Amino acid sequence: MSEIAKLELEGTIYEFPIIEGTENEKAIDISKLRDTTGYVTLDTGYKNTGATKSAITFLDGEKGILHYRGYSIEQLAENATFIEVAYLLIYGSLPTQLQLDTFTNNITKHTLVHEDMKQFFEAYPAKAHPMGVLASMTCSLSTFYPESLDPNRSPEAKDLTMLRLLAKLPTLAAWSYKNAMRHPFMYPKNKYDYCSNFLHMMFAMPTEEYKVNPVVVKALNKLLILHADHEQNCSTSTVRMVGSSQANLYACIAAGISALWGPLHGGANQAVIEMLEQIHNDGGDVDKWVLKAKDKEDPFRLMGFGHRVYKNFDPRATIIKKACDDVLEQLGINDPMLDIAKKLEKVALEDEYFKSRNLYPNVDFYSGIIYRALGIPTEMFTVMFAIGRLPGWIAQWKEMTENNEPIGRPRQIYTGATPREYVDIAKR
Ligand code: ACO
């Protein structure tokens, strides 16, 4: 017999079904709440609200578990390529060799962006933040592919939009950097794999032969996998919300990129390095900055610390911390920021303030240090996150559209003025 939740309101008892996910997480289905009771729920920040049923990513914040389509993040980060993971997230199973080859070839074929888009780049100031450029360019893609505006186009046509996005985002990302440097754009090269091609477009110059470093490629592949999806969160829910209005996929992804940009979300990776540099330049007194983070009068927060759902540890942070040590050793880099980060982590983890609030390093705490070691400039860190998160956003959009989810439209509790008479301007 299925379980029932009972709610008593004004002397009447209402019953609501309890639903259970495949990993035994339970929810009260309140979809009929307003119809039957006239009440809505209030949950600012959606701390207790399941916005959808999803079969893509499972995470258990208490146990530090993260699975994509049932596969653990640890196994995927160790064994898979980012493109394999993208296929897994979007289509639901690991690809066969033939499926992977076809998928890879299709992406490779679409890495060029329309020549006219180069002119857009030239109009941005050199100091333009690459996230602003990337979000705008991604939305601009829709103007070159107007057929993508039709929400009822065939699944094959939708697949083509997904492939175009996966193929072109690294090109647009690398070009936003080249543009900021006022360096010549490097065109994609079909001989390279996904990560190598991105590195080539970022760092090659027309005057020199570019040598791809396999250590850098391996590290980048791992980082992108760790970022590839994270169930419902600020940017992913934004993508689903925008998609629920049947806006085209380019617009949805541009909205996701914008949501990711904030320092409380993906922008934290840039904020972490800036914080570590600030601490370093200030003499490296970690205790002083931990005190600042605890001071409620001080707006400073320990960036890269804390998470809405992970209350024990973030499994991605564990993998990244280890990768950080490995990459710096393999590349022969000694980065004082890593020492400060480790000191900061140690002090915070032993501090009652952080312990009692279950605040642990999140995915962004160490990722910036690896990106620095790979030569990626600080302002590009969140762009890297966006490239990694793209398959997750696409998979979530695909699931939402295939499930015919209704337009997202939350309710509110109105707290403003009650009806009053208009007052003529002369009498106010
Ligand atoms: N430094 C100091 N105190 C913190 C921090 C922090 N990094 N994070 C949370 N707290 C404190 C809050 O002040 C609050 O204290 P209180 O109970 O005394 O008021 C308590 O811990 C709970 O914090 P909330 O902000 O209510 O938690 P929420 O789940 O809303 O926020 C968030 C989570 C935004 C990630 C928060 O921990 C934070 O701001 N962290 C720093 C930014 C960051 O690293 N963001 C990246 C997250 S990962 C990602 O999006 C990819």
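The chain is numbered in sequence order, starting from 1. The analysis underlying the following values was restricted to heavy atoms, covering all of them including side chains, and did not include hydrogens, waters or symmetry mates. First listed ligand is number 1; within each ligand, the first listed atom is number 1. Note that the coordinates shown come from a computational prediction; the quantities given were computed from them, not determined experimentally.
- A donor and an acceptor atom, one from each side chain of Y91 and D159, are located under 3.5 Å apart.
- Each of the atoms 51 (C) of ligand 1 lies under 4.0 Å from some heavy atom of F385.
- Here atom 13 (O) of ligand 1 lies nearest to K296 when heavy atoms of R389, H230, R308, K296 are compared.
- Contact annotation for D364 and ligand 1: only side-chain heavy atoms (C-beta onward) come within less than 4.0 Å of the ligand.
- Atom 35 (C) of ligand 1 has G306 O, 3.6 Å as its closest protein atom, hydrogens excluded (heavy atom only).
- R240 and T52 share a side-chain donor-acceptor pair at under 3.5 Å.
- Close approach to G304 involves these atoms of ligand 1, each under 4.0 Å from a residue heavy atom: 43 (C), 44 (O).
- Scanning all protein heavy atoms for the shortest distance to atom 49 (C) of ligand 1 gives H265 ND1, 3.8 Å.
- Classification of the F120-F144 ring pair by plane angle, with boundaries at 30° and 60°, yields tilted.
- Considering backbone and side-chain atoms alike, R316 places every N or O at 3.5 Å or more from each N or O of ligand 1.
- Atom 27 (O) of ligand 1 lies below 4.0 Å from none of the non-hydrogen atoms of the protein.
- The shortest contact between atom 45 (N) of ligand 1 and any protein heavy atom is with L264 O, 2.9 Å.
- Residues H265 and H230 keep their aromatic ring centres 6.0 Å or farther apart.
- S148 and R153 share no donor-acceptor pair across their side chains, judged by distance under 3.5 Å alone.
- Nearest non-hydrogen protein atom to atom 38 (C) of ligand 1 is R301 NH1, 3.2 Å.
- For S237 (side chain) and C234 (main-chain N/O), no donor-acceptor pair under 3.5 Å exists by modelled atom type.
- Every N/O-N/O distance between L359 and ligand 1 stays at or above 3.5 Å.
- Protein heavy atoms are absent from the 4.0 Å sphere centred on atom 31 (O) of ligand 1.
- The residue N233 has no part lying near ligand 1, judged by heavy-atom distances below 4.0 Å.
- Polar contact with ligand 1: absent for G266 (N/O pair, distance under 3.5 Å).
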Next item on the list: Test ring pair (Phe, Tyr, Trp, His ring centres under 6.0 Å) on Y310 and Y360 and set out the steps.
Entry: CA-CA 8 Å; Y310 291 121; Y360 296 87; 10.0 Å; no
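- Here is the list of ligand 1 atoms found below 4.0 Å of a heavy atom in A293: 2 (C).
- Contact annotation: for K47 versus ligand 1, heavy atoms closer than 4.0 Å belong to the side chain alone.
- Considering only non-hydrogen protein atoms, atom 42 (C) of ligand 1 sits nearest to M303 CE, 3.5 Å.
- Counting only heavy atoms from C-beta outward, the side chains of L100 and E84 approach each other to under 4.5 Å.
- Counting protein heavy atoms under 4.0 angstrom from atom 22 (C) of ligand 1 gives zero.
- Donor-acceptor pairing under 3.5 Å is lacking for the side chains of T81 and D193.
- The closest side-chain heavy-atom distance from I65 to P315 is not below 4.5 Å.
- Taking only nitrogen or oxygen atoms, main chain and side chain alike, L302 reaches within less than 3.5 Å of ligand 1.
- Closest protein heavy atom to atom 48 (S) of ligand 1: H307 CD2, 3.6 Å.
- The side chain of N362, and not its backbone, has at least one atom closer than 4.0 Å to an atom of ligand 1 (non-hydrogen atoms only; side chain from C-beta on).
- Although no hydrogens or angles enter the test, the distance criterion places no donor-acceptor pair under 3.5 Å between the side chain of R357 and the main chain of G306.
- The side-chain tip of K178 does not point at the ring of W175 from less than 6.0 angstrom away and within 45° of straight on.
- Considering backbone and side-chain N/O of R357, one or more are found under 3.5 Å from N/O of ligand 1.
- Electrostatic pairing of E277 and R372 counts as a salt bridge here, judged by a charged N lying under 4.0 Å from a carboxylate O.
- Near A268, the atoms of ligand 1 lying under 4.0 angstrom from a non-hydrogen atom of the residue are 43 (C), 44 (O), 45 (N), 46 (C).
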Note to self: For F185 and F121: C-alpha separation, side-chain torsions, deciding distance, then whether ring pair (Phe, Tyr, Trp, His ring centres under 6.0 Å) applies.
What the structure shows: CA-CA 10 Å; F185 294 155; F121 280 100; 5.3 Å; yes
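- In this structure, the protein non-hydrogen atom closest to atom 41 (C) of ligand 1 is F305 O, 3.4 Å.
- Contact analysis puts Y353 in contact with ligand 1, with a non-hydrogen atom separation below 4.0 angstrom.
- Y366 and E345 share a donor-acceptor pair across their side chains, judged by distance under 3.5 Å alone.
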